Amino acid sequence: MSETPKPKQGPRLREALQGIPAYKPGKPAAGGEGVPAFKLSSNENPYPPLPGVLEAAVAAADSFNRYPDLAGSALVAELAQRFGVPESHIATGTGSVGVAQSLLQATSGPGDEVVYAWRSFEAYPIIVQISGATSVRVPLAEGEVHDLDAMLAAVTERTRLIFVCNPNNPTGTAVRRAELERFLDAVPSDVLVVLDEAYCEFVRDAEVPDGIDLYRDRPNVCVLRTFSKAYGLAGLRVGFAVAHEPVAAALRQTAVPFGVSQLAQDAAVASLRAERELLRRVEALVGERDRVVAALGAQGWTVPDSQANFVWLPLGERALDFAAACEAAGVVVRPFAGDGVRVSIGEVEANDLFVDVAGVFRKGM
């Protein structure tokens with residue numbers, strides 16, 4: 001009998017990939033017989049596409065056999081006009097997280113450090129490790145807010161990039177203008193500060209600044225935005241950065257060619273042109289957020305001040321138990337084991353169901 005051949009060695013992969021935490025998407029809703037099913041786990045917009053968006057997407061589908069516009073010219077022009085910035089200061093990508101990964105490719109590698117609050121957006125440690133850089137996580141301060149003084153103290157000569165998630169995902173809290181400006185003024189000018197503003201449309205605190213105002217006279221500030229949340233284009237993956245030309249140019253260099261489909265580009269343009277309806281829907285979601293927070297407060301919960309389209313319950317070790325209770329009732333939420341539970345604001349019926357579960361759970365604590 002012939003000997004079994006020894007398996008050949010496979011290709012060598014980067015050591016940086018070992019131990020990368022898997023990104024955990026929100027679970028889909030899966031109600032049983034007679035049980036409703038609502039997904040409040042992914043911060044999605046419960047509304048359908050804005051007026052004109054579906055028509056633009058369908059029209060773009062006729063040219064699926066062609067590559068999209070590499071430069072995203074129409075979208076870039078629309079964004080430049082909307083925000084009053086030069087077109088050369090805009091770079092698009094596959095959602096704001098895709099742009100964030102390009103920022104790391106442009107700034108950070110082995111031996112470099114990236115500073116961010118924790119807990120914050122769960123993609124940060126993943127994309128930092130992929131880049132080969134080292135994460136420096138700074139614990140949130142009391143009230144689930146960014147501790148900017150501690151983050152500043154964590155900056156070293158190896159720091160290349162700082163993420164400030166504002167409002168913060170998953171806690172919903174936001175950094176106010178005075179403290180953010182002090183922080184930006186103190187950060188070394190050769191360190192890029194990324195203001196990740198995926199939820200900025202839901203902010204109602206007048207003291208929370210618009211990052212684009214702050215970037216204008218600060219060459220080391222970059223602002224991330226997305227069409228996935230308020231604009232309701234989560235399934236199309238389109239986001240963008242606003243930054244001074246050297247940073248924006250580096251983003252275009254590191255972006256995946258043709259990453260943003262023509263369908264996504266055209267849908268984003270149509271969404272920007274439907275701003276009146278966008279504002280109406282966002283206002284309705286903010287109203288629902290405030291109603292849910294008030295109901296939770298009446299039940300005895302302590303809920304951080306959310307400026308996003310979700311609320312955060314700091315349940316600690318009870319997070320998984322609470323998520324299971326919600327799922328059994330037909331509503332899926334997003335637990336972070338050992339920390340808390342994030343619950344997106346969705347349809348009124350879904351929000352009411354979540355509040356009912358929260359009330360029962362609170363009584364049993």
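Predicted model only: the values in this text are computed from it and were never measured.
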Nearest-0.5 Å distance that lies between atom CZ in F202 and atom CG in N45: 6.0 Å
Donor-acceptor contact present, side-chain E245 to main-chain S88, <3.5 Å: no
Aromatic ring proximity Y199/F310, centre distance under 6.0 Å: yes
Partners passing side-chain hydrogen bond (donor to acceptor under 3.5 Å, both in side chains) against E347 (at least two apart in sequence or in another chain): none
No-hydrogen, no-angle side-chain donor-acceptor test under 3.5 Å, N168 and S120: yes
Any pair counted as side-chain hydrogen bond (donor to acceptor under 3.5 Å, both in side chains), so long as it reaches residues 228-238, sequence neighbours left out: T226-S228, S228-R237
Presence of salt bridge, R225 and E197, under 4.0 angstrom: yes
Which residues share a side-chain contact (heavy atoms from CB on, under 4.5 Å) with R204, sequence neighbours left out: V282, E283, V286, R289, Q307
Short side-chain to backbone donor-acceptor contact, R281 and Y47, under 3.5 Å: no
Backbone of V191 reached by a side-chain donor or acceptor of N220 within 3.5 Å: yes
Donor-acceptor under 3.5 Å (S344 side chain, G346 main chain): no
D352: side-chain hydrogen bond (donor to acceptor under 3.5 Å, both in side chains) partners, not counting sequence neighbours: R291
Pair R280-E277, salt bridge (Lys or Arg N to Asp or Glu O under 4.0 Å): steps then yes or no: CA-CA 5 Å; R280 187 190 70 79; E277 177 62 16; 2.6 Å; yes
Separation between OG1 of T107 and CG of L192, rounded to the nearest 0.5 Å: 6.0 Å
side-chain contact (heavy atoms from CB on, under 4.5 Å) partners for A324, two or more places apart: none
Contacts of D205 that satisfy side-chain hydrogen bond (donor to acceptor under 3.5 Å, both in side chains) - sequence neighbours left out: R176
Residue pair F183, H146: steps toward the side chain to side chain contact (heavy atoms under 4.5 Å, CB included) verdict: CA-CA 11 Å; F183 175 77; H146 277 64; over 6 Å; no
Residues in side-chain hydrogen bond (donor to acceptor under 3.5 Å, both in side chains) contact with N166, at least two apart in sequence or another chain: none
Interatomic distance, F83 atom CZ to F240 atom CZ [nearest 0.5 angstrom]: 4.0 Å
Whether R276 side chain and R273 backbone form a donor-acceptor pair below 3.5 Å: no
Evaluation steps, side chain to side chain contact (heavy atoms under 4.5 Å, CB included), between Q265 and V238: CA-CA 7 Å; Q265 293 181 36; V238 54; 5.8 Å; no
More than 12 heavy atoms of other groups within 6.0 Å of Q81 CD: no
I130 backbone acceptor or donor facing R14 side chain under 3.5 Å: yes
Residues clustered with V203, ILVMFWY side-chain links under 4.5 angstrom: V208
Heavy-atom side-chain contact between F354 and V292 under 4.5 Å: yes
side-chain hydrogen bond (donor to acceptor under 3.5 Å, both in side chains) partners of residues 125-135, not counting sequence neighbours, each pair once: Y116-S135
Distance-only polar pair, side chains of N169 and R342, donor-acceptor under 3.5 Å: yes
side-chain hydrogen bond (donor to acceptor under 3.5 Å, both in side chains): pairs with one or both residues in residues 52-69, sequence neighbours excluded: D69-S73
Partner set under side-chain contact (heavy atoms from CB on, under 4.5 Å) for E144, not counting sequence neighbours: L140, T171, T173, P304, W312, P314
Partner set under side-chain contact (heavy atoms from CB on, under 4.5 Å) for A57, not counting sequence neighbours: L263
Candidate list L184, V145, L148, test side-chain contact (heavy atoms from CB on, under 4.5 Å), partner E179, passing option: L148
Spacing of NE2 belonging to H244 relative to CZ belonging to R218, to within rounding of 0.5 Å: 9.5 Å
